Amino acid sequence: MRKGYINCELYGHPGSSAMLIEDGRIVQIGTDEEIKDKLEETDEVVDIGGLFVVPGFVDSHMHLLELGYYLNNVQLLGVHTIEEVRRRIAEKCVEGSTKWIVGRGYDETTITGGDIDRAFLDSLSATQPIVLRRVCGHASCLNTVALEKAGIREDTVIEGGRIDYAKGMVYEKAVDYVQHKIPEPDVEEIKDMILLAEDYCAKFGITSVGSDDFLSVCGDYKPVLTAYEQLSYQERLRLRIVEQCEFTSAKNYAEFLDEGYTQGVGNDHFVIGPLKLIADGSLGAKTAAMRVPYIGSEDEKGELLYSDEDMTLLVQMANRFNMGVIVHCIGDGALDQVLRVLKEEMYPGNPLHDGIVHCQIMHADQIEKVREMNLDCYFQSLFIEDDASILSRRVSKHLAATCYPFHSLYTGNRCGNGSDAPVTVPDVLKGIQLAVTRTAADGASLNKEEALTAEEALLSYTERSAEILGLESCGKLAEGNFADFVVLDQNILQIPAEDITKTKVMLTVADGKIVYER
């Protein structure tokens, strides 16, 4: 059966108001009359009521499985008082229980009324292990029971990680170590988490994502890959998912490659994307690797998570099997390392589309090198909400002037916008507004000269993100493309930028089928 969507304000198609959909693709774009003429009595007509229709939003980088995992646990994003943290955890506490309590999203820099530390969590339960992961994902707080269950003592050393036993804090690879001590979900549970996260994303108009999932919840990539492949073959996935394949071990990566996986393997709803590496930590946790110490510190510079040799080996392996490499790097020190390694190992012209994830702390010379090397850029305008107010407490005023250079990168490189969910809520309209205003809710602003126009911001979440993810039939309302689109209650290109977040997603359509309706 074919379907006609009529009475639309179609982005990019002045003079047209309707689309004919068949077999999940846009067959024809034209006037209402032209499309109605192509429909039979048994076909369906959907009247959009004159609302604004844009391509389905494409989130260039998130952690879909991890989003679903934390949707099932304690949510702390946006919580600003210690009492509210206490209340939310207390809801999961059962006297005498030994079940793990897991939470995500707290930001100690915005919480009043007390500290989140080991003593606080001990006051909530002496029998249930509690682990709260910081909003950035690069630090966690544990109570005493959780430390014991994880096998962490005062003298424990974890390579690539840091432990503050007295406060119950763990950082970087120690966070992953703890995560993998928590009972892991099986394949069926992983599938349920993915589907839960898909439904959540649909509310924001998202129809495609680049997602880093292999090591976010499980210590082994295999059950995650199995879950995705089963959902894909069962035609149960509604998002289009490009897997950004995180590996830290050359041995495990070699095993994956030997099984025949490489970039492009998959189908329309799940496909293998580039190798994903994590070079450093986060700005908020002060674990991003910097050239010079953080403001207010004599020696705190964050840390690199790879040696040049180890990173080079993984990049060489990816090159050999025609996989691109994208690298999380937030600090300028980490970016120095990544540029150094990629300059040596990347093929001329960057045909595999190697890239940088986050693009935050950058000097003018580094911006120029990223442009010269033609690196893809995966940035998150949503980070401006939290980081605009803390940037001056982390880096010098001179360096802050060239940070989060989204416009400079957008005009010279292939770029895509995203959320890094569950680090942030994958609210695309908020991301578009922040890309334009560069101003957080508290009034703090960040380098307004690096603002995008409203149309550039929209394209950063549609056509531009689809391009860097290799989704050739997505990101545009075009004949022959997948029928993935979003219906908004107002034209975000014709309203004040400050009002974009007042816009509502009315419908999300994927493969021509309504997957979310307000």
Side-chain angles (χ1 to χ4, degrees), residues 54-67 137 197-198 200-202 204-214 216 239-246 263-264 266 269-278 323-330 350 352-360 370 374-384 404-432 434-435 452 456-476 482 484 486 510:
V54 299
F57 294 137
V58 183
D59 189 312
S60 69
H61 176 69
M62 65 155 56
H63 307 264
L64 188 69
L65 170 59
E66 192 175 11
L67 175 61
E198 278 199 326
Y200 187 71
C201 288
F204 298 101
I206 296 169
T207 57
S208 301
V209 299
S211 189
D212 170 0
D213 301 295
F214 280 177
S216 62
L239 290 183
R240 304 189 195 282
I241 299 156
V242 178
E243 184 60 39
Q244 295 166 341
C245 307
E246 183 184 345
Q263 194 159 340
H269 281 278
F270 179 74
V271 63
I272 299 298
L275 171 67
K276 164 74 184 304
L277 303 179
I278 299 179
M323 284 186 75
V325 181
I326 63 173
V327 189
H328 160 122
C329 61
I330 289 178
N350 193 18
L352 297 178
H353 301 300
D354 297 336
I356 305 296
V357 180
H358 301 315
C359 306
Q360 288 184 223
V370 167
N374 196 32
L375 294 173
D376 286 2
C377 300
Y378 299 71
F379 59 75
Q380 292 76 36
S381 57
L382 280 162
F383 283 8
I384 292 170
Y404 304 74
F406 300 155
H407 185 265
S408 293
L409 298 173
Y410 183 95
T411 54
N413 296 63
R414 299 199 330 166
C415 294
N417 212 332
S419 65
D420 203 22
V423 173
T424 63
V425 174
D427 186 342
V428 173
L429 292 169
K430 184 176 181 180
I432 290 173
L434 286 166
L452 303 183
E456 287 171 340
L458 173 60
L459 290 171
S460 77
Y461 272 110
T462 54
E463 182 178 336
R464 298 292 293 269
S465 274
E467 180 184 21
I468 66 170
L469 293 181
L471 298 172
E472 296 178 354
S473 296
C474 298
K476 290 183 181 180
F482 291 118
D484 299 348
V486 185

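Computed from a prediction, not measured in an experiment: that's the story for all the values here.
- Checking N413, V357, I326 one by one against C377, the side-chain contact (heavy atoms from CB on, under 4.5 Å) holds for a single residue, N413.
- Contact detail for L469 and S60: the closest heavy-atom pair is CD2-O, 3.7 Å.
- In this structure, OG in S208 is found 8.5 Å from NE2 in H269, a value given to the nearest 0.5 Å.
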For this session: Kindly determine whether C359 and L409 satisfy side-chain contact (heavy atoms from CB on, under 4.5 Å), including the steps that lead there.
Result: CA-CA 9 Å; C359 306; L409 298 173; 3.7 Å; yes
For this session: Dump the intermediate steps for side-chain contact (heavy atoms from CB on, under 4.5 Å) on L352 and V325, then the final yes or no.
Result: CA-CA 8 Å; L352 297 178; V325 181; over 6 Å; no
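- A donor-acceptor contact shorter than 3.5 Å is absent between the side chain of S473 and the backbone of F482.
- Checking D213 against H63 by side-chain atom types alone, no donor-acceptor pair falls below 3.5 Å.
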For this session: Evaluate side-chain contact (heavy atoms from CB on, under 4.5 Å) for D376 paired with I356, printing each intermediate quantity in order.
Result: CA-CA 6 Å; D376 286 2; I356 305 296; over 6 Å; no
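- Partner Y404 forms a side chain to side chain donor-acceptor pair (under 3.5 Å) with one of H358, Q380, Q360 and no other, that one being Q360.
- Looking at heavy atoms from C-beta onward, Y410 lies in side-chain contact with L452 at the 4.5 angstrom threshold.
- The shortest side-chain heavy-atom distance between D427 and L429 falls under the 4.5 Å cut-off.
- The minimum heavy-atom distance linking G416 with I468 is given by the pair N-CD1, 3.6 Å.
- One distance of note links CG of L459 with CZ of R464; it measures 7.5 Å at 0.5 Å rounding.
- Listed here is the closest heavy atom pair of S419 and T424: O-OG1, 2.6 Å.
- Between H353 and L375 the shortest side-chain heavy-atom distance does not fall below 4.5 Å.
- Two rings, from H61 and F379, have their centers 6.0 Å or more apart.
- For the pair Y461/V486, no side-chain contact is recorded, criterion being any heavy-atom separation below 4.5 Å from C-beta on.
- Distance check: T462 OG1 to K476 NZ gives 10.0 Å after rounding to the nearest 0.5 Å.
- Contact record, L382 with G418: CD1-O, 4.2 Å, taken as the closest heavy-atom pair.
- Here CG of L239 is found 7.5 Å from CE of M62. Values are rounded to the nearest 0.5 Å.
- Counting only heavy atoms from C-beta outward, the side chains of T207 and R240 never approach each other to under 4.5 Å.
- Put simply, the side chain of C245 does not reach to within 4.5 Å of the side chain of K276, judged on heavy atoms.
- At a threshold of 4.5 Å between non-hydrogen side-chain atoms, the residues I206 and V58 do not count as touching.
- For the pair L64 and C201, the tightest heavy-atom approach, listed with the atom from each and the gap, is CD1-SG, 3.9 Å.
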For this session: Decide side-chain contact (heavy atoms from CB on, under 4.5 Å) for D59 and F204; before the verdict, give the C-alpha distance in whole Å, the side-chain angles of both, and the deciding distance to 0.1 Å.
Result: CA-CA 10 Å; D59 189 312; F204 298 101; over 6 Å; no
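- Note: F383 CZ to F406 CZ = 8.5 Å, rounded to the nearest 0.5 Å.
- What you find for D484 and C474 is that their closest heavy atoms are OD2-SG, 4.2 Å.
- Rounded to the nearest 0.5 angstrom, Q244 CD and H328 NE2 are separated by 13.0 Å.
- Counting heavy atoms from C-beta outward, L65 and F214 have side chains that stay 4.5 Å or more apart.
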